[in-house]
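The structure appears below as structure tokens.
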Amino acid sequence: MSDPKKLFLKTYGCQMNVYDSERMAEAMAADGYVLTESAEDADLVLLNTCHIREKASEKLYSDLGRLRPLKAAKPGLKIGVAGCVAQAEGAEIKRRMPLVDLVVGSQAYHRLPAMVRGEGALIDTDFPVEDKFDLLPVRVGSRGPVAFLTVQEGCDKFCAFCVVPYTRGAEVSRPAARIIDEARGLVARGVRDITLLGQNVNAYHGAGLGAAGDWTLSRLLREMAQIEGLARLRYTTSHPNDMDDDLIAAHGDLPKLMPYLHLPVQSGSDRVLKAMNRKHTAAQYLALVARIRRARPDILLSSDFIVGFPGETDQDFEDTLALIRAVGFGAAYSFKYSPRPGTPAWEKAGVGSDVADARLLQLQAVITTQQRAAQELMVGRTVGVLYEKPGRMPGQMVGKSDHLQAVHVTDHAGKVGELVQIRVLASSSNSLSGERISA
Ligand code: SAM
Ligand code: SF4
């Protein structure tokens with residue numbers, strides 16, 4: 001038997017890309033490819049790209065440049081570009097980097113194996129009518145106890161700074177039956193913690209089971225909470241305007257729905273929120289947070305922020321800091337505004353790099369303080385932890401708490417996939433540590 005062909009797969013960007021990469025690896029496995037950790041060993045190098053900010057996009061071209069000597073030394077090597085840069089730039093990638101053999105957009109990657117076999121177009125950035133998820137192989141093989149599961153793709157919100165509606169297309173939801181089947185398959189393979197993914201996941205409106213009509217995300221979560229063996233559910237990323245009453249209620253009703261919610265707000269200034277086309281005010285966001293906390297008082301909130309959006313004044317930035325102080329986040333991702341071609345904000349003048357840098361640092365300092373305070377609050381408490389892997393120290397296990405905080409536990413008998421109760425003994429900069437109390 002000949003040696004299996006090898007695939008080197010690099011993933012940039014969000015969790016949805018992580019999920020897509022996993023599905024592409026599985027699709028290629030059906031054609032006899034095994035994953036390798038090194039591009040030098042590979043027969044196929046696939047870069048699954050992110051287009052959200054300029055830096056993420058440019059990373060692709062610097063990585064491709066670095067592959068030149070390898071391609072020269074190994075002419076049989078195939079190099080593919082997948083994901084959102086592939087979707088946005090298509091043939092331009094091959095023009096700029098002739099060493100690229102194939103370009104496959106984020107909606108067409110079920111066709112990747114055929115492309116690699118030389119049976120399809122070498123550039124495919126269609127939004128095909130067929131559903132890629134129906135055509136990908138069933139998920140098999142071994143894996144850890146935590147998984148992502150895409151339930152919704154695309155976005156109809158058109159925030160003024162964002163490329164997602166162009167790269168991922170219009171909002172599309174997968175039917176509940178397919179999602180539940182996929183979740184059951186994951187649980188059968190040892191998964192206990194599933195995060196439902198979507199660019200706008202709480203706008204989910206997929207076909208329900210039987211003749212039920214479309215389901216909302218809360219309806220889907222209520223059904224999934226009944227899957228035996230599945231211990232934890234999460235979902236990300238949500239838009240504040242799609243947090244409906246039943247979804248908020250689900251946070252109080254479903255013990256399996258973990259007390260952590262990523263709810264991007266971007267800015268605390270009404271002027272900037274309007275210019276961003278976010279379609280809500282700071283006060284509406286704060287009122288929403290209060291309703292969510294009434295349903296689940298211990299919930300930990302995280303968010304996304306953009307600083308330096310065109311026209312953002314010092315006062316606008318102060319309003320963002322005021323919102324952060326009013327909410328008290330457990331974590332947050334913050335970014336300097338990056339103008340993206342084709343978006344409504346693209347041609348507007350930014351605030352200047354130095355101003356944006358200074359604001360980013362200031363905002364991140366406030367968030368770090370809040371994150372540490374949220375961790376400190378856990379010290380002395382009993383929390384659930386799902387072990388994901390052994391730690392670096394002998395007898396140590398590493399996992400996530402219900403609140404998605406990283407936890408190190410001294411537990412010589414601990415096993416990956418175990419869900420245990422621990423007492424938190426200490427908090428360090430980015431993680432908690434503790435001792436096991438019981439299974
Ligand atoms: N759908 C989510 C939402 O409504 O907030 C987020 C999707 S996006 C992949 C993740 C984050 O990237 C956004 O929340 C935003 O903070 C950031 N982002 C998007 N476009 C950006 C841009 N042009 N410059 C800087 N950050 C950006
Ligand atoms: Fe982008 Fe999110 Fe806005 Fe959609 S809701 S346009 S994905 S930031």
Side-chain angles (χ1 to χ4, degrees), residues 15 18-19 22 139 141-149 151 179-197 201 218 220-236 250-262 295-302 330-331 374-375 377-428 430-439:
Q15 290 148 333
V18 174
Y19 175 86
E22 221 176 86
R139 302 178 77 178
S142 65
R143 50 163 315 123
V146 178
F148 295 128
L149 200 175
V151 303
I179 296 166
I180 292 165
D181 273 358
E182 192 171 325
R184 286 191 198 286
L186 289 168
V187 171
R189 290 157 57 203
V191 169
R192 305 197 69 191
D193 177 327
I194 293 182
T195 300
L196 305 185
L197 291 183
V201 71
S218 56
L220 178 66
L221 286 164
R222 288 179 192 282
E223 190 70 27
M224 291 188 71
Q226 293 178 35
I227 297 177
E228 216 172 298
L230 178 60
R232 290 169 151 192
L233 278 165
R234 309 176 193 273
Y235 61 92
T236 199
H251 280 277
D253 299 343
L254 299 177
K256 288 187 183 180
L257 186 55
M258 291 292 102
Y260 176 91
L261 178 63
H262 184 62
R296 184 76 205 232
D298 70 332
I299 200 160
L300 203 81
L301 292 167
S302 77
Q375 280 186 197
L377 267 182
M378 296 293 169
V379 176
R381 290 199 195 169
T382 300
V383 302
V385 176
L386 178 63
Y387 289 156
E388 291 179 26
K389 56 182 183 192
R392 283 209 207 110
M393 316 293 278
Q396 189 186 52
M397 297 301 293
V398 180
K400 295 273 168 37
S401 72
D402 296 345
H403 293 88
L404 207 63
Q405 290 161 319
V407 190
H408 294 84
V409 186
T410 306
D411 182 355
H412 290 270
K415 290 188 200 74
V416 170
E418 261 188 303
L419 187 55
V420 301
Q421 295 290 307
I422 70 135
R423 183 175 300 108
V424 180
L425 298 175
S427 163
S428 62
N430 283 318
S431 65
L432 300 171
S433 54
E435 62 182 6
R436 178 175 178 157
I437 297 175
S438 68

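Worth saying up front: this structure is predicted, and the values here are computed from it rather than measured.
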Can you check side chain to side chain contact (heavy atoms under 4.5 Å, CB included) on Tyr235 and Val151, steps first, answer last? CA-CA 10 Å; Tyr235 61 92; Val151 303; over 6 Å; no
Chi angles and distances behind the side chain to side chain contact (heavy atoms under 4.5 Å, CB included) call for Val379, Leu425: CA-CA 6 Å; Val379 176; Leu425 298 175; over 6 Å; no
Starting from the C-alpha separation in whole Å, work towards a yes-or-no answer on side chain to side chain contact (heavy atoms under 4.5 Å, CB included) for Tyr387 and Leu419. CA-CA 6 Å; Tyr387 289 156; Leu419 187 55; over 6 Å; no
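The two residues Leu300 and His403 come nearest to each other via the heavy atoms CD2-O, 3.5 Å. Contact record, Ala225 with Leu254: CB-CD2, 4.0 Å, taken as the closest heavy-atom pair. Between Arg436 and Val409, the shortest heavy-atom distance links the atoms N-CG1, 3.8 Å. When every heavy atom of Leu386 is checked against every heavy atom of Pro145, the shortest pair comes out as CD2-O, 4.0 Å. When all heavy atoms are compared, the tightest approach of Ser427 to Leu432 is CB-CD2, 3.8 Å. Between Phe148 and Leu186, the shortest heavy-atom distance links the atoms O-CD1, 4.5 Å.
Looking at heavy atoms from C-beta onward, Val407 lies out of side-chain contact with Val398 at the 4.5 angstrom threshold. Within the 4.5 Å cutoff, no side-chain heavy atoms of Glu228 are placed close to those of Val187. By the 4.5 Å heavy-atom criterion applied to side chains, Glu435 and Thr410 are not counted as neighbours. Counting heavy atoms from C-beta outward, Arg232 and Val146 have side chains that stay 4.5 Å or more apart. Residues Leu257 and Leu221 have side chains in contact (heavy-atom distance under 4.5 Å, counting atoms from C-beta outward). Within the 4.5 Å cutoff, the side chain of Val18 has no heavy atoms near those of the Leu197 side chain. At least one side-chain heavy atom of Val383 sits under 4.5 Å from a side-chain heavy atom of Met378. At least one side-chain heavy atom of Leu149 sits under 4.5 Å from a side-chain heavy atom of Ile179.
One distance of note links CG of Leu220 with CD1 of Ile180; it measures 6.0 Å at 0.5 Å rounding. Residue Leu233 holds its CG atom at 5.5 Å from CE of Met224, rounded to the nearest 0.5 Å. Here the NE2 atom belonging to His251 is positioned 9.5 Å from the OG atom belonging to Ser218, to the nearest 0.5 angstrom. With values rounded to the nearest 0.5 angstrom, Asp402 atom CG is found 8.5 Å from Asp298 atom CG.
In this structure, the side chain of Gln405 does not engage the main chain of Ser401 through any donor-acceptor pair within 3.5 Å. Of the possible polar contacts, one joining the Glu418 side chain to the Lys415 backbone as a donor-acceptor pair under 3.5 Å is found. Put simply, the side chain of His412 never gets that close to the backbone of Gln396: no donor and acceptor are under 3.5 Å apart. Lys400 contributes no side-chain N or O that, together with a main-chain N or O of Val385, makes up a donor-acceptor pair within less than 3.5 Å. No donor-acceptor pair under 3.5 Å is formed between the side chain of Arg189 and the backbone N or O of Arg184.
Counting only N and O atoms by type, the side chains of Ser302 and Tyr260 include a donor and acceptor under 3.5 Å apart.
Among residues two or more places apart in sequence or in another chain, the ring pair (Phe, Tyr, Trp, His ring centres under 6.0 Å) test is passed with His408 by none.
Salt bridge present: Arg222 and Asp253 bring a charged side-chain N and a carboxylate O closer than 4.0 Å. Under 4.0 Å is where a charged nitrogen must lie from a carboxylate oxygen, and between Glu388 and Arg192 no such pair does.
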